[in-house]
Trainee: 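Just passing along the structure, written as structure tokens.
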Amino acid sequence: MRILLIEDHFLVRMSQKIVLNELHRQATIMEADSFESGLSFLEIFSFDLILLDIDIPGGKGKFMIERIRQRQPNVVILICSAADEQIHALEYISVGANGYLSKAASKEDVIAALTIVVKNKRYVSLAVQERLLDAVSATHRTAKKLKAHELSGREQEVMQMLIKGKWVKEIASQLNLQSNTVSTYKARIFEKMGVTSIVELAKKAQQMGHA
């Protein structure tokens with residue numbers, strides 16, 4: 001395995017090498033202290049794994065991923081940065097990085113990240129995973145709430161008649177339905193629209209463009 005460290009801090013590179021040597025004793029590890037020097041290595045050698053600091057001299061943010069992939073499309077790229085992972089992790093992974101590792105991560109997390117990405121899987125910390133799950137949960141709740149407001153064609157028809165002040169028996173007669181069926185529609189409409197009276201229903205329907 002050939003690994004490239006693109007990191008301008010010597011002590012950080014030394015720490016990375018210690019962990020990498022524990023995991024991959026036969027690995028060849030090369031070091032670059034600027035992004036341009038890292039690209040120079042990519043022109044000469046083929047790498048299996050790159051550890052990339054995003055705050056690197058000569059670096060250009062997430063566009064660095066594209067420049068690396070132009071030279072070696074299949075190389076595994078693990079971002080290793082002090083920048084807030086809650087802000088940057090998903091941004092870099094969305095443009096092609098295989099993982100995002102905080103420099104504040106524990107040794108166990110570093111080992112986990114390196115083990116996961118070399119298997120061509122994506123890595124983010126548990127904190128970022130929880131944020132993703134929260135976002136998915138919020139989206140689901142919103143979708144469920146919107147779905148609750150979806151009325152069937154018949155419910156729309158009954159609602160319009162209720163808003164116009166028609167009684168249940170009148171609606172039943174005009175729609176050729178049983179009164180208890182119309183009462184069921186009314187209860188269902190109130191539940192879906194989140195209201196308890198015809199006045200509230202009229203206001204809600206107007207707000208939602210149903211009236």
Side-chain angles (χ1 to χ4, degrees), residues 1-140:
M1 174 179 284
R2 184 175 282 127
I3 302 170
L4 176 62
L5 311 180
I6 305 179
E7 164 65 56
D8 59 322
H9 291 93
F10 172 75
L11 288 177
V12 174
R13 294 199 305 271
M14 288 297 295
S15 298
Q16 292 172 340
K17 287 171 68 176
I18 290 171
V19 178
L20 287 165
N21 283 323
E22 288 182 12
L23 292 174
H24 307 285
R25 296 186 182 279
Q26 304 302 318
T28 299
I29 302 175
M30 299 182 179
E31 306 173 41
D33 59 5
S34 71
F35 185 63
E36 292 303 325
S37 62
L39 291 180
S40 297
F41 276 110
L42 294 175
E43 298 291 352
I44 302 171
F45 303 101
S46 177
F47 290 94
D48 301 290
L49 171 65
I50 295 174
L51 269 62
L52 173 67
D53 182 9
I54 61 176
D55 187 21
I56 187 80
K60 298 186 183 299
K62 61 185 180 181
F63 297 105
M64 292 188 290
I65 306 300
E66 180 182 354
R67 295 186 68 187
I68 290 173
R69 295 255 177 251
Q70 287 172 348
R71 290 159 175 79
Q72 297 192 25
N74 298 319
V75 68
V76 172
I77 304 172
L78 176 61
I79 303 298
C80 186
S81 174
D84 190 342
E85 62 180 347
Q86 296 280 356
I87 297 173
H88 298 286
L90 299 183
E91 175 187 6
Y92 276 84
I93 288 177
S94 69
V95 296
N98 297 80
Y100 194 104
L101 181 66
S102 170
K103 287 184 178 178
S106 66
K107 182 179 178 180
E108 290 73 18
D109 286 339
V110 174
I111 291 173
L114 291 168
T115 302
I116 289 170
V117 296
V118 295
K119 295 178 181 178
N120 280 320
K121 296 181 180 180
R122 301 294 176 89
Y123 173 84
V124 291
S125 70
L126 287 175
V128 175
Q129 290 179 42
E130 288 175 1
R131 183 182 175 188
L132 274 172
L133 289 173
D134 287 343
V136 170
S137 179
T139 300
H140 177 72

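Heads up: numbering here begins at 1 and tracks the sequence.
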Trainee: Please tell me if the side chains of M1 and V118 come closer than 4.5 Å, counting only heavy atoms from C-beta onward.
Mentor: yes
Trainee: Find out whether F35 and L52 are in side-chain contact, i.e. whether some heavy atom of one side chain is under 4.5 Å from a heavy atom of the other.
Mentor: yes
Trainee: With sequence neighbours left out, which residue pairs that include part of residues 63-80 fulfil the salt bridge (charged side-chain N to carboxylate O under 4.0 Å, His left out) condition?
Mentor: E36-R67, E43-R71
Trainee: If you look at every heavy atom in G38 and L4, which pair is closest and at what distance?
Mentor: O-CD2, 3.7 Å
Trainee: Going by side-chain hydrogen bond (donor to acceptor under 3.5 Å, both in side chains), name the residues that satisfy it together with S34, two or more places apart in sequence or in a different chain.
Mentor: S37
Trainee: How close do Y123 and L101 get, heavy atom to heavy atom, and via which atoms?
Mentor: CE2-CD1, 4.1 Å
Trainee: Without placing hydrogens or testing angles, list every side-chain donor-acceptor pair under 3.5 Å for residues 9-17, not counting sequence neighbours.
Mentor:
unit_1, atom_1, unit_2, atom_2, d
H9, ND1, E7, OE2, 3.1
R13, NE, E31, OE1, 2.7
R13, NH1, E7, O, 2.8
S15, OG, L11, O, 3.1
K17, NZ, E31, OE2, 2.8

Trainee: Has Y92 got a side-chain atom pairing as donor or acceptor with K62's backbone, closer than 3.5 angstrom?
Mentor: yes
Trainee: Sequence neighbours left out, what pairs pass side-chain hydrogen bond (donor to acceptor under 3.5 Å, both in side chains) with at least one residue falling in residues 47-58?
Mentor: D53-K103
Trainee: Rounded to the nearest 0.5 Å, what's the gap from CZ on F41 to CD1 on I50? Could you check?
Mentor: 11.5 Å
Trainee: For I3 and A27, work out which heavy atoms get closest and say how close.
Mentor: CD1-CB, 3.9 Å
Trainee: Once rounded to the nearest 0.5 Å, what's the spacing between atom CG of L20 and atom CG of L49?
Mentor: 6.5 Å
Trainee: Please list, chain by chain and in numerical order, all residues satisfying side-chain hydrogen bond (donor to acceptor under 3.5 Å, both in side chains) with K107, sequence neighbours excluded.
Mentor: E22
Trainee: According to side chain to side chain contact (heavy atoms under 4.5 Å, CB included), who are the partners of S106, at least two apart in sequence or on a separate chain?
Mentor: E108, D109
Trainee: As an exercise, state the distance from CZ of F45 to CZ of R2, rounded to the nearest 0.5 Å.
Mentor: 6.0 Å
Trainee: Within this structure, what is the CD1-CE distance for the pair I56 and M64, rounded to the nearest 0.5 Å?
Mentor: 7.5 Å
Trainee: For the atom pair CG (N120) and CG (N74), what is the distance rounded to the nearest 0.5 Å?
Mentor: 8.0 Å
Trainee: Does R122 have any side-chain hydrogen bond (donor to acceptor under 3.5 Å, both in side chains) partners at least two apart in sequence or in another chain, and if so, which?
Mentor: none
Trainee: Parallel, tilted or perpendicular, judged at 30° and 60°: which one describes the rings of Y100 and H88?
Mentor: parallel
Trainee: Taking only distance into account, with no hydrogens and no angle test, what donor-acceptor pairs under 3.5 Å do side-chain atoms of residues 75-82 form with protein atoms, sequence neighbours excluded?
Mentor:
unit_1, atom_1, unit_2, atom_2, d
S81, OG, A83, N, 2.9

